[in-house]
Amino acid sequence: EDHVKKDHNMWKYLFFQVYLRQKDFDQYSGGESYVFSKTLDLVRHPKTHEILTDADTGKELKSAKRQVDLLWFPQRDAMVLKRKRPTTDQVLVNKLQALHSSTHRTTHMLNAQVDKVLATAV
């Protein structure tokens with residue numbers, strides 16, 4: 001169950017599809033091109049879907065067949081959108097921002113105390 005949640009998480013597949021759609025087609029790697037073309041085949045091919053008719057409305061609905069082969073989908077590439085580790089520069093910037101924020105709070109607190117002392121001295 002843990003393996004399915006981590007390695008076969010449906011949201012990772014969705015994120016990978018969104019990633020492919022946002023990326024310029026000319027910039028696809030070989031694997032990305034393959035997945036994109038197979039996804040198009042999956043959507044377009046009549047053997048992957050069946051047409052059902054809604055009994056109430058009479059509208060035709062396209063439904064995926066249960067036995068569609070999805071083994072071609074590169075499962076490790078779906079993890080490409082995992083949060084990347086920050087670079088050394090990003091870590092340094094984050095530390096500097098935290099230090100700046102802490103210094104700003106300390107300065108504000110000290111100014112308030114000095115104002116208080118000066119107000120009581122007058």
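Between the side chain of T106 and the main chain of S102, a donor-acceptor pair closer than 3.5 Å is present. The main-chain N or O of L99 is found under 3.5 Å from a side-chain atom of T103 such that the two form a donor-acceptor pair.
Taking hydrophobic clusters as Ile, Leu, Val, Met, Phe, Trp and Tyr residues chained together by side-chain heavy-atom distances below 4.5 Å, L110 does not share a cluster with V117. When hydrophobic clusters are built by joining Ile, Leu, Val, Met, Phe, Trp and Tyr residues whose side-chain heavy atoms come closer than 4.5 Å, directly or via intermediates, L118 is not grouped with M109.
Counting all heavy atoms, side chain and backbone alike, K23 lies closest to E32 at NZ-OE1, 2.8 Å. L20 and F36 get closest at one heavy-atom pair: CD1-N, 4.3 Å. Residue Y28 comes nearest to R21 through the heavy atom pair OH-N, 4.2 Å, listed as atom of the first residue, atom of the second, then distance.
Taking the six-membered ring where tryptophan is involved, the planes of H100 and H104 are essentially parallel, since the angle between them stays under 30° and well short of 60°.
Shown here is Q113, whose CD atom has more than 12 heavy atoms of other residues, nucleotides or ligands within 6.0 Å.
Here OG1 of T53 is found 12.5 Å from NZ of K59. Values are rounded to the nearest 0.5 Å.
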Practice problem: Given side-chain contact (heavy atoms from CB on, under 4.5 Å), test Q90 with V93 step by step and report yes or no. | Solution: CA-CA 5 Å; Q90 289 170 330; V93 166; 5.7 Å; no

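As a member of the Ile/Leu/Val/Met/Phe/Trp/Tyr network built from side-chain separations under 4.5 Å, L92 groups with L96.
Judged as a salt bridge (charged side-chain N to carboxylate O under 4.0 Å, His left out), not a single pair has a partner in residues 89-116 (not counting sequence neighbours).
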